[in-house]
Amino acid sequence: MKVVETDVAVIGAGTSGLSAYKAATKTGKRAVLIEGGPYGTTCARVGCMPSKLLIAAAEAAHVAQNGVPFGVHISGKVRINGKEVMDRVKRERDRFVGFVLDGLENIPAQDKIRGYARFVGPNTLEVDDHTRIKASSVVIATGSNAHIPPPFKELGDRVIINDDVFAWDDLPARVAVFGPGVIGLEIGQALARLGVTIRVFGVSGSLAGLTDLKVRQSAKKIFQQEFYLDPDARVLETKREGDEIVIRYVRLDNSECTERFDYALVATGRRANLSTLDLAKANVDVDDKGMPSFDRRTMQIDDLPVFIAGDVNNDVPLLHEAADEGHIAGLNAARFPDVQPGLRTTPLAIVFTEPQIAMVGQGPDKLPKGSFVTGELDFTGQGRSRVMLRNKGLLHLYADIKTRRFVGAQMIGPSAEHLAHLLAWSVQQEMTIDQMLQMPFYHPVIEEGLRTALRHAAAELTAASEITTAVGS
Ligand SMILES: Cc1cc2nc3c(=O)[nH]c(=O)nc-3n(C[C@H](O)[C@H](O)[C@H](O)COP(=O)(O)OP(=O)(O)OC[C@H]3O[C@@H](n4cnc5c(N)ncnc54)[C@H](O)[C@@H]3O)c2cc1C
Ligand SMILES: NC(=O)c1ccc[n+]([C@@H]2O[C@H](COP(=O)([O-])OP(=O)(O)OC[C@H]3O[C@@H](n4cnc5c(N)ncnc54)[C@H](O)[C@@H]3O)[C@@H](O)[C@H]2O)c1
């Protein structure tokens with residue numbers, strides 16, 4: 001067996017691992033990057049990029065089919081060519097993957113080790129059966145995989161995950177989507193707009209991770225106008241018949257029905273890739289879910305020379321967080337035991353549905369009860385949104401009563417990706433609602449709706465402080 005000695009070993013060449021490798025080698029230390037699966041990262045191969053490409057095609061179809069209210073008519077039927085749709089998705093996806101592969105070319109060959117790593121001792125890894133690595137410290141950046149709950153496994157190869165969608169050569173006719181989380185909603189709505197019959201089934205009412213119940217209700221109503229969505233579904237039976245999946249379920253109107261689908265897309269959450277790493281050999285303790293405890297500012301596991309970054313730590317499984325965490329973990333692994341906290345940015349999550357959903361800072365479930373007020377905007381009457389016929393959705397802003405600081409927001413609405421950035425930057429700048437209201441607002445723009453919500457929050461803050469003063473006197 002080949003033996004390699006290094007300062008830092010990074011397991012996983014995804015976004016987080018690449019970022020960790022780069023940060024570690026920049027300090028002048030030696031690092032190796034171990035990858036067992038295909039190079040190219042989850043984001044570029046089967047995640048962020050192909051999903052957004054599919055959504056872009058869906059948007060084009062939607063716009064083409066919805067010009068009539070503007071007086072824009074298309075003679076004849078809008079025809080969606082599934083083969084061409086999937087061809088562009090895969091071609092463009094391959095282009096993005098190509099950029100990652102180009103970047104890997106710049107990494108010296110001796111630093112890249114192919115195969116699956118596992119711990120065989122506190123500072124020792126084995127990669128498949130060919131290489132033993134002795135490393136002063138290790139970064140675990142092994143990502144996550146789609147979890148398929150046991151009942152679905154019995155349905156065989158017609159049960160699919162996101163990876164399979166992006167391998168299609170053509171669009172199918174009917175897809176049942178299990179899980180109205182981020183993946184289920186993004187892909188589900190895109191398929192619906194591309195002419196695929198879809199049904200989306202969820203459990204316990206959860207929708208896209210929204211914890212503000214009024215915003216969640218608004219999102220549910222909006223999506224239900226476009227495709228079948230039951231976030232609290234009663235699925236009575238799922239079985240395989242030939243090449244079809246047969247689902248018996250109770251519809252929203254309480255009637256029972258049986259429908260046949262080409263595929264069941266399971267998007268019910270993801271699990272960390274940790275189980276094959278043999279963490280005990282590295283003295284890493286895990287909880288009953290198999291997860292180690294770590295410090296999210298340093299990415300260090302306990303006081304060990306082991307760091308954990310990206311989706312694998314199950315903290316905030318998003319691309320920009322994976323990159324930041326990898327950077328922090330790589331730096332700290334290189335300078336171990338001199339471990340220092342890195343910068344963690346304000347929480348920001350965007351779901352690329354239409355309308356988009358966004359969550360910024362703290363949600364109402366995380367804020368102490370009675371400590372905050374909510375500023376609201378209903379997009380129905382918002383000027384610019386109405387001009388564009390995109391006037392659907394609800395924005396909630398949360399502000400701390402004592403400090404008048406803006407602390408978070410949840411929303412579904414037009415161009416929420418842009419509003420969410422302004423809001424995340426405002427939280428990170430620790431701005432008060434009053435300071436935000438002193439910023440310029442152009443006319444006519446969607447951001448004017450944000451100003452309406454801010455004014456509402458300011459009035460609510462004043463009312464809340466008057467109540468506090470009255471109670472106190
Ligand atoms: C459909 C979908 C859409 C998404 N859209 C977005 C989006 O729009 N915006 C956003 O911010 N995020 C999005 N995400 C999430 C984003 O893709 C992830 O947060 C990000 O890719 C995580 O990067 P990572 O480096 O942690 O993991 P990965 O990129 O998965 O890298 C982990 C690597 O480790 C390797 N590996 C695993 N075990 C071992 C081992 N034992 N030895 C060696 N190698 C190993 C794997 O092969 C893999 O290459 C999406 C995800 C999905 C699935
Ligand atoms: N736009 C983005 O940033 C983006 C896009 C896609 C994915 N992602 C990342 O990927 C992660 C994983 O996404 P995901 O959608 O797989 O997970 P998720 O946790 O967002 O959603 C899973 C959903 O499945 C539901 N569910 C669980 N068991 C079920 C069952 N048996 N039947 C029906 N529904 C069930 C849950 O209640 C939840 O609503 C996200 O949390 C996100 O961090 C981000």
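Just follow the structure's listing: the first ligand is 1, and inside any ligand the first atom is 1. Residue indices begin at 1 and follow the sequence shown. Scope of the values below: all heavy atoms of this structure, side chains included, with no hydrogens, waters or symmetry mates.
- When heavy-atom distances to ligand 1 are checked against 4.0 Å, the residues falling inside are Ile11, Gly12, Gly14, Thr15, Ser16, Ile34, Glu35, Gly36, Gly37, Thr42, Cys43, Val46, Gly47, Cys48, Ser51, Lys52, Gly115, Tyr116, Ala117, Ala141, Thr142, Gly143, Asn162, Ile183, Arg270, Leu277, Gly310, Asp311, Pro317, Leu318, Leu319, Ala322, Phe352, ordered by chain and number.
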Practice problem: Please test Asn332 against Gln300 for side-chain hydrogen bond (donor to acceptor under 3.5 Å, both in side chains), starting from the C-alpha separation and ending with a verdict. | Solution: CA-CA 8 Å; Asn332 278 332; Gln300 187 181 16; over 6 Å; no
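- Asp295 and Arg297 are joined by a salt bridge, as a carboxylate oxygen and a charged side-chain nitrogen come within less than 4.0 angstrom of each other.
- Put simply, the side chain of Thr346 never gets that close to the backbone of Gly361: no donor and acceptor are under 3.5 Å apart.
- Taken to the nearest 0.5 Å, the CE atom of Met299 stands 5.0 Å off from the CZ atom of Arg344.
- Glu35 has no carboxylate O lying under 4.0 Å from a charged side-chain N of Lys112, or vice versa, which leaves the two without a salt bridge.
- At a threshold of 4.0 Å, the pair Lys90-Asp169 counts as salt-bridged, since one of the basic side-chain nitrogens sits closer than that to a carboxylate oxygen.
- Under 4.0 Å is where a charged nitrogen must lie from a carboxylate oxygen, and between Asp157 and Arg240 at least one such pair does.
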Could you give the N/O to N/O pairs under 3.5 Å linking ligand 2 and the protein, each with its distance?
| unit_1 | atom_1 | unit_2 | atom_2 | d |
| --- | --- | --- | --- | --- |
| ligand 2 | 1 (N) | Glu186 | OE2 | 2.8 |
| ligand 2 | 1 (N) | Ile350 | O | 2.7 |
| ligand 2 | 3 (O) | Ile350 | O | 3.4 |
| ligand 2 | 15 (O) | Val182 | N | 3.2 |
| ligand 2 | 15 (O) | Ile183 | N | 2.9 |
| ligand 2 | 16 (O) | Gly269 | N | 3.3 |
| ligand 2 | 20 (O) | Val182 | N | 3.4 |
| ligand 2 | 34 (N) | Gly179 | N | 3.4 |
| ligand 2 | 37 (O) | Ser206 | OG | 3.3 |
| ligand 2 | 39 (O) | Ser206 | OG | 2.8 |
| ligand 2 | 43 (O) | Pro317 | O | 2.7 |

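- Salt bridge status for Glu186 with Lys52: present, with a side-chain N to carboxylate O gap under 4.0 Å.
- The pair Asp7-Arg30 does not count as a salt bridge, with every side-chain nitrogen at least 4.0 angstrom from each carboxylate oxygen.
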